[in-house]
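A quick note: this is a predicted structure, and the numbers were derived from the prediction, not measured. Per chain, numbering begins at 1; letters A, B, ... match sequence-line order.
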Amino acid sequence: MNDVRTMIAALLLAALAAGAAAWRVRGSRARRALPAPGPHRLLFPFVGQALSKPALEAALRLARAEGATLVPVYLAQVPRHLPLDTPLPRQSERALTLLEAVEQRAHTCGVPVDARIERGRDPRHALREMLDHERYDRIVLPAATNGDDGFTPDQTAWLLEHAGGEIVVLRPQRGR
Amino acid sequence: MVPPAHPPPAGRLKVFLGMAAGVGKTYRMLQEGQAEAEAGRDVAIGYLEPHDRPDTSALARGLETVPRRRVEYQGTTLEEMDLRAVLRRAPELCLIDELAHTNAPGVEHAKRYEDVADVLAAGIDVFSTVNVQHLESLNDQVAEATGTRVRETIPDDVLGAADEIVLIDLTPEALIERLRAGKVYPRDRVETALQSFFRIEHLASLREVALRQVAEEVGTRRIDGAPGARRRGQHGERLAASVPSAIGERLLALVTPRPSSQRVVRRAWRSAQRLGAELDVLWVQERASSAEEAEQLEALRRLTIVLGAHLLVERGEDLVATVQRVARERGTTYVLIGAPAHRNVLRRARGPSLPSRLLAALPGIDLRIVADRTQRSLDEEEERS
């Protein structure tokens, strides 16, 4: 009889332990899946068809180190013959794909994300719109590599001149 | 002259729709016009624009052409369709090219589609042609895809009112081949055309838009119940007046002003693009918004403008009742919501979940719960480790 009681008690304990473990795992997943937005905001504007992985990793490292929210900003260009507020389905498709990739990568690093699409007649105009609309503590700017997407020296100089706060310019990868 | 006691029944409109000049719309219109004439119908050409294409001109032979009207404008003589002459001639079927054409000042109407409306109202059937970029609602989309904005547009209702739409489809490669062979424009204009509008990526986009447009029209007709129902509806004979807004699909994404809502908007927009549907993004505001919410709302507003979606902010204490009202007003066919938060025992005891309440309140409307895909990648990562 005592053996049966001991066995039941052991089974109950094991079930409780398994339940507690499952609860902790679920809690940790939930925390990792939806990191809370931090008080600091790190803007990460980008242009073009693709996003430089090293630039993204650098921005994520900075955001994680500061407990900041990463704000990836796709800069869309509106052709001059169209109204500035015209819908941009093709660029939106590209932007959403890139922003989703950024979001997925950021979540695995535990960095909260608040994505944006800004528009302008050219990247500089879109940067100006971004500065007008967004709160930020720091801007991380990937510089253009030959043949790659990124910001030109002129655009970078313009941003350094006009943006408040700290600006980190990520230099192009060597040999590319 | 005493007007007839009863106006004649309206003529039928058949539109030949193409993705660009040169696909063969006018040619096909003439082919069908010839076939109708052979079948014994009284066919006349109200206006034909052969664009110096010998094959097209040859196909018009044998069909009576109503002489054009000459209009003096700023020292130039322009030729337009003579509406009064067409109405006097009153054929059974009239072929009128280029539905989106803008008439010279001084004639009855500013636009040719208005002339066509008069011809139809006189009980004459009309065959006409138009390119997809001339449709008003597609003008921005096409301009972005091709970099070229056309000024001559027609309201979508004009096409919607057609009894029949025939898509003249051609692959971009085949059209470029026709262009190179001098079958579309004179040879001295070919290179310029190839460098500007007639690029393969532009044509592929236009073709997609044209195919989608026709598919959408087919969907609309299924709901309206009969071809041309929308035009006849103007005379009080609408067959499906009870479903005025259920034309095609219309999506409604429920959001709150938080960064996580962007996932719902993105997924909803992609679905809307695939369905060729309009997207409404709704926030039901239950109380005054905080500064952070106002900031997020502004970001959502900018996002919806870029996407061509409509942001709606409705005040209401009862979320489900507000969604129900908006869905009814907007003709929603799909509702998308984010994955609800985990419900513990206490929450479950309070009543059914939001998805269950929405399903009960929105009969006949699909409900889609947008999952957080980052959770899946985290699970996979944990499994690997």
Okay, A:E118 and chain B: the region with an atom under 4.5 Å from a heavy atom over there is side chain

Greatest number of non-hydrogen atom pairs under 4.5 angstrom with chain B, of A:V78, A:I117, A:L88, A:D85, falls to A:L88

(message) Does either side chain, that of A:S92 or that of B:R270, offer a donor lying less than 3.5 Å from an acceptor on the other one?
(response) no

Value for CG (B:L307) from CD (A:Q91), rounded to nearest 0.5 Å, stands at 12.0 Å

| task | Output yes when B:R302 and A:E134 qualify as a salt bridge under the 4.0 Å nitrogen-oxygen rule, no when they do not. | result | yes

> Are more than 12 heavy atoms from other residues, nucleotides or ligands located less than 6.0 Å from atom CZ of A:R94?
Replying inline: yes

Value for CD (B:E298) from NE2 (A:H133), rounded to nearest 0.5 Å, stands at 6.5 Å

The interface call for A:A115 against chain B, heavy-atom contacts under 4.5 Å, is both

| query | Does the pair B:R266/A:E103 count as a salt bridge with the N-to-O cut at 4.0 Å? | reply | yes

Shortest non-hydrogen pair, B:Q296 vs A:D114, comes out as NE2-OD2, 2.6 Å

When the 4.5 angstrom heavy-atom criterion is applied to B:I305 and chain A, the contacting part is both

